[in-house]
K.L.:
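Here's a structure for you.
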There are 2 protein chains.
Amino acid sequence: MSTSKQLPQPDRGEIRVDAVLQALGEPVRLTIVRALAGAPEGIACGELELPVTASTRAHHLRTLRESGVLTTRTEGTRRISKLRRDDLDALYPGLLDGVLAAKQ
Amino acid sequence: MSTSKQLPQPDRGEIRVDAVLQALGEPVRLTIVRALAGAPEGIACGELELPVTASTRAHHLRTLRESGVLTTRTEGTRRISKLRRDDLDALYPGLLDGVLAAKQ
DNA sequence: ATCGTACTACGATATTCATCGAAGTTCGAC
DNA sequence: GTCGAACTTCGATGAATATCGTAGTACGAT
């Protein structure tokens with residue numbers, strides 16, 4: 001069967017700013033977030049080009065999801081991740097844009 | 001002698017967003033940043049009420065200073081810390097305000 | 001010069017966490 | 001059904017780091 005299914009994540013009220021900042025404060029994860037910011041439709045995990053193995057990538061995606069930064073839905077064997085821009089902007093207006101404005 | 005002296009810190013161009021986010025993503029340090037945000041004149045380290053010892057507090061202040069979040073100047077035996085709001089706002093507009101907007 | 005205050009630096013410890021490989025799951029295709 | 005692809009979970013390992021106590025420095029006051 002398997003229609004598209006959402007993986008477990010905190011809802012807006014459960015998101016903690018500590019967790020979000022800690023999630024963003026890691027180079028690989030920040031790279032993921034930047035990639036997602038440029039792809040409003042979401043990106044499949046495997047399409048991300050990162051200097052780590054698939055299992056490490058999965059670990060980072062889980063961290064980002066559990067902290068509330070992104071949402072992941074299953075589509076067949078693929079997992080599509082999207083930034084939770086609306087929630088983050090509502091909770092911490094300017095935070096995400098500020099981070100993405102960073103030159104490097 | 002001892003006129004007021006600035007402790008070593010990165011200048012604006014050397015600040016890295018990874019380091020800033022990682023510095024902010026720790027509960028004790030975030031508490032410090034919130035306190036500093038409410039005191040534009042700066043705060044002496046010892047005036048901060050935190051659930052850690054003085055040496056741990058010093059460690060967190062160093063982390064915040066070396067990442068570029070705050071600046072510290074010596075005044076007699078006291079060390080006054082101030083948020084580097086202008087630099088952070090210039091580099092990452094909205095980031096700091098977004099973080100401080102967090103309810104909890 | 002002695003004392004007390006305000007902090008920092010050092011060394012140690014324990015926890016957290018980024019990383020990997022290997023094994024497992026889930027799905028689509030054949 | 002079998003196969004392969006996409007991804008996750010598990011267990012292990014090594015590195016980073018939050019914490020502490022102790023010792024030290026720097027300064028102002030007496």
K.L.:
Do any side-chain nitrogens or oxygens of A:Gln22 fall under 4.0 Å of OP1 or OP2 in C:dC17?
P.N.:
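Result: yes.
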K.L.:
Please give, in whole Å, the distance from C:dT15 C1' to B:Glu26 CD?
P.N.:
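After rounding, the reported distance stands at 13 Å.
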K.L.:
Check the phosphate of C:dC10 against B:His59, side-chain N and O only, distance under 4.0 Å to OP1 or OP2. Yes or no?
P.N.:
no
K.L.:
Can you tell me which nucleotide in D:dT19, C:dC20, C:dA18 comes closest to the side chain of A:Thr56?
P.N.:
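Closest of the options to the side chain of A:Thr56: C:dC20.
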K.L.:
So what does B:Glu75 hit on the nucleic acid, given a heavy-atom distance under 4.0 Å: a base, only sugar-phosphate, or nothing?
P.N.:
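Nothing, no heavy atom under 4.0 Å.
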K.L.:
Would you mind reporting whether B:Leu91 and B:Ile15 have side-chain heavy atoms less than 4.5 Å apart?
P.N.:
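SC-SC contact between B:Ile15 and B:Leu91 confirmed.
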K.L.:
Rounded to whole angstroms, how far apart are CG on A:Asp18 and C1' on D:dA18?
P.N.:
14 Å
K.L.:
From CZ of A:Arg62 over to C1' of C:dT19, roughly how many Å is that when rounded to an integer?
P.N.:
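Those two atoms, CZ and C1', are 16 Å apart.
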K.L.:
Would you indicate, yes or no, if D:dA5 has its OP1 or OP2 atom less than 4.0 angstrom from a side-chain nitrogen or oxygen of A:Arg78?
P.N.:
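Answer is no, no contact under 4.0 Å.
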K.L.:
Checking side-chain contact (heavy atoms from CB on, under 4.5 Å) between A:Arg85 and each of A:Leu70, A:Leu36, A:Val69, A:Asp97, which is the one that passes?
P.N.:
A:Asp97
K.L.:
Measure the distance from CZ on B:Arg79 to C1' on C:dT5 and round it to the nearest whole Å.
P.N.:
14 Å
K.L.:
With respect to the phosphate group of C:dC20, does any side-chain polar atom (N or O) of A:Thr53 fall under 4.0 Å of OP1 or OP2?
P.N.:
yes
K.L.:
Are B:Arg73 and B:Glu75 close enough for a salt bridge, meaning some N to O gap below 4.0 Å?
P.N.:
yes
K.L.:
Does A:Val52 or B:Glu47 map to a spot on DNA chain C nearer the 5' end, using the closest nucleotide for each?
P.N.:
B:Glu47
K.L.:
In whole angstroms, how far is the C1' atom of C:dC7 from the NE2 atom of B:His60?
P.N.:
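Between C1' of C:dC7 and NE2 of B:His60: 16 Å.
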K.L.:
How long is the line joining CG of B:Leu7 and P of D:dT25, in whole Å?
P.N.:
17 Å
K.L.:
Can you find an N or O donor on one side and an acceptor on the other, under 3.5 Å apart, linking the side chain of B:Ser55 with the base of D:dG21?
P.N.:
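Between D:dG21 and B:Ser55, which were checked side chain against base, a qualifying N/O pair under 3.5 Å is present.
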K.L.:
Rounded to the Å, how far apart are A:Leu61 CG and D:dT9 P?
P.N.:
11 Å
K.L.:
Check the pair A:Glu47 / A:Arg78 against salt bridge (charged side-chain N to carboxylate O under 4.0 Å, His left out), numbers first and verdict last.
P.N.:
CA-CA 10 Å; A:Glu47 295 173 4; A:Arg78 309 174 72 100; 2.8 Å; yes
K.L.:
What integer distance in Å separates B:Ile43:CD1 from C:dA6:P?
P.N.:
15 Å
K.L.:
Answer yes or no: does a side-chain N or O of B:Arg57 lie under 4.0 Å from OP1 or OP2 of C:dT8?
P.N.:
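No, outside the criterion.
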K.L.:
Are the side chains of B:Thr71 and B:Gln6 in contact, using a 4.5 Å heavy-atom criterion?
P.N.:
yes
K.L.:
Are OP1 or OP2 of C:dT5 and a side-chain N or O of B:Thr77 less than 4.0 angstrom apart?
P.N.:
no
